[in-house]
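Please read the structure below before turning to the comments.
As the structure lists them, so they are numbered: ligands from 1, and atoms in each ligand from 1.
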Amino acid sequence: MVEILSAAGMRAREAAAIAGGAVTGLALMERAGAEVVAAIFEVWPELGPDLARDPAAEPRRAAVLCGPGNNGGDGFVVARLLHDLGWRVEVFLLGDPARLPPDARRNHDLWAARGPVRPYLDAGAAGAFALDPALWREDSLLVDALFGIGLTRPLRAGLAAARLSRDTEFRLPQGAPRGQVAGCRVVAVDIPSGLCADTGRVLRAPDLPTDWAPFTADLTVTFHAPKIGHLTAEGPAHCGRLVVRPIGL
Ligand SMILES: NC(=O)C1=CN([C@@H]2O[C@H](COP(=O)(O)OP(=O)(O)OC[C@H]3O[C@@H](n4cnc5c(N)ncnc54)[C@H](OP(=O)(O)O)[C@@H]3O)[C@@H](O)[C@H]2O)[C@H](O)CC1
Ligand SMILES: [K+]
């Protein structure tokens, strides 16, 4: 019988493991990020690090969108691991680094030692992946680590996510499937951002454009067990292939 968890159920598992001294939040975050990267190369072996690549070849590219919480923390881990495998990674942060929770801040700092953290709000104006889809080939990645199971309030229009998602869709080649991001592969960390982990519905405030939708991920990597929101309402349409990876809970 597959266990399906609510957000609270997942938090309880994590809290019990941490309280019991079995693991730290930071270790869980590192495992989560590592499992996202492992799942990427398992689902898409053609992107795998072990393939002998012509050293003169263009490095593969990824853009990682990090949010203000621990989902963003997972994103910083993914960025660091891809970078250390030779990928050219751009990281955008929605929010103030000083307000990141401790584990996410630690991984922010580990990434910042490798490359810049660009303000996400500029992404719609200056970010390569938003303005220059030609940079994104089919072997590039967009990693959605904006919000995970902690999305508690409806998303408001002012959030760059609305602008980014719609901007990017407006730049898609003719006939491209809606929600795809300029031809690259979209990986959602834990759950596509904007979806409620308990209902699968988009948490939208009245001012959020009605046609705004979360990224349509090609791959969603969640941890320990599927959440209700992956399997209900708008969840399945936005998750793409759902992969559940253990993080030792
Ligand atoms: N040890 C662990 O907990 C692990 C967690 N993992 C990953 O962490 C996320 C859950 O992280 P959490 O920080 O609880 O939540 P999120 O990152 O999903 O988002 C919370 C932040 O987002 C802000 N928020 C919420 N709603 C909105 C909104 N509508 N607009 C803007 N900002 C919003 C929220 O702000 P608050 O004011 O509500 O605090 C938070 O700042 C989980 O999904 C995993 O990815 C690890 O994987 C394992 C260890
Ligand atoms: K996410």
Side-chain angles (χ1 to χ4, degrees), residues 5-20 22-37 39 64-78 92-108 120-121 141-162 164-165 186-198 201-208 212 214-227 229-230 235 238-240 242 244-249:
L5 288 177
S6 64
M10 182 63 187
R11 286 190 192 289
R13 290 288 189 301
E14 289 167 351
I18 295 168
V23 70
T24 64
L26 193 63
L28 284 176
M29 187 171 284
E30 189 71 21
R31 289 179 196 172
E35 288 300 332
V36 170
V37 173
V64 182
L65 313 181
C66 296
N70 284 324
N71 193 246
D74 292 356
F76 286 117
V77 175
V78 172
F92 298 88
L93 172 61
L94 173 69
D96 175 0
R99 297 187 58 208
L100 285 165
D103 295 344
R105 178 63 196 260
R106 174 79 183 118
N107 279 294
H108 163 279
Y120 180 76
L121 287 167
L141 292 176
L142 180 73
V143 178
D144 163 18
L146 289 167
F147 299 109
I149 63 172
L151 185 71
T152 51
R153 305 189 305 278
L155 287 175
R156 308 193 58 77
L159 205 65
L164 171 74
S165 174
V186 178
V187 181
V189 176
D190 214 1
I191 192 167
S193 300
L195 286 177
C196 170
D198 289 337
R201 297 205 177 289
V202 176
L203 277 176
R204 60 172 75 246
D207 67 348
L208 191 69
W212 183 85
F215 287 118
T216 302
D218 297 293
L219 170 65
T220 294
V221 186
T222 191
F223 313 112
H224 184 67
K227 312 306 176 297
H230 291 126
H238 287 283
C239 282
L242 178 66
V244 181
R245 304 289 286 212
I247 51 172
L249 288 180

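Remark: at the K ion (ligand 2), atom O from F147 and atom O from V189 enclose 110°, rounded to the nearest 10 degrees.
Side-chain contact between P246 and F223: absent, with no pair of heavy atoms (C-beta onward) separated by less than 4.5 Å. Using a 4.5 Å heavy-atom threshold, the side chains of D218 and V187 count as separate. Two residues are said to be in side-chain contact when any heavy atoms from C-beta on lie closer than 4.5 Å; V143 and V189 meet this criterion.
Within the 4.0 Å heavy-atom criterion, both parts of R153, backbone and side chain, lie near ligand 1. Contacts between R99 and ligand 1, counted as non-hydrogen atom pairs separated by less than 4.0 Å, are absent for every part of the residue. Proximity of D190 to ligand 1, defined as any heavy-atom pair under 4.0 Å, is confined to the side chain (atoms from C-beta onward). With a heavy-atom cut-off of 4.0 Å, D74 touches ligand 1 through its side chain alone.
Interface atoms of ligand 1 facing T152, defined by a heavy-atom separation under 4.0 Å, are 25 (C), 26 (N), 38 (O). Annotation for ligand 1: atoms under 4.0 Å from non-hydrogen atoms of A32 are 47 (O). Of all atoms in ligand 1, numbered sequentially from 1 with element shown, those under 4.0 Å from a heavy atom of G148 are 16 (P), 18 (O), 43 (O). Close contacts of ligand 1 with L155, meaning ligand atoms under 4.0 Å from a residue heavy atom, involve 29 (N). If you number the atoms of ligand 1 from 1 as listed, the ones under 4.0 Å from a heavy atom of L28 come out as 49 (C). Ligand 1 places these atoms under 4.0 Å from at least one heavy atom of R11: 14 (O).
When the N, O or S atoms of D144 are ranked by distance to the K ion (ligand 2), O comes first.
Remark: among candidates E35, E14, M10, the nearest residue to atom 48 (C) of ligand 1 is E14, based on non-hydrogen atoms.
At under 3.5 Å, a nitrogen or oxygen of G150, whether backbone or side chain, sits near a nitrogen or oxygen of ligand 1. Residue I149 has at least one nitrogen or oxygen atom sitting less than 3.5 Å from a nitrogen or oxygen atom of ligand 1, judged on distance alone. For a threshold of 3.5 Å applied to N or O pairs, the pair formed by F223 and ligand 1 contains no separation below that value.
Between the H230 side chain and the A225 main chain, no donor and acceptor come within less than 3.5 Å of each other. Using a distance-only test at 3.5 Å, with no hydrogens or angles considered, no donor-acceptor pair links the side chain of D190 to the main chain of V221. Side-chain atoms of D103 come within 3.5 Å of backbone atoms of L26 as a donor-acceptor pair (strictly under, hydrogens ignored). No donor-acceptor pair under 3.5 Å is formed between the side chain of H238 and the backbone N or O of P192.
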Go through the steps to decide whether L155 and R204 satisfy the test side-chain contact (heavy atoms from CB on, under 4.5 Å), and finish with yes or no. CA-CA 5 Å; L155 287 175; R204 60 172 75 246; 5.7 Å; no
May I have the step-by-step check of side-chain hydrogen bond (donor to acceptor under 3.5 Å, both in side chains) for T222 and K227, ending in yes or no? CA-CA 8 Å; T222 191; K227 312 306 176 297; 2.9 Å; yes
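Within a 6.0 Å sphere centred on CZ of R106, heavy atoms belonging to other residues, nucleotides or ligands number 12 at most.
N71 is linked by a side-chain hydrogen bond (donor to acceptor under 3.5 Å, both in side chains) to nothing, counting only residues two or more places apart in sequence or in another chain. Taking N70 as the reference, nothing meets the side-chain hydrogen bond (donor to acceptor under 3.5 Å, both in side chains) condition, with sequence neighbours excluded.
For residue P192, no N/O/S atom approaches the K ion (ligand 2) to within less than 3.4 Å.
Under the 4.0 angstrom criterion for non-hydrogen atoms, P154 is in contact with ligand 1. R31 does not count as a contact of ligand 1, since none of its heavy atoms falls under 4.0 Å from the ligand.
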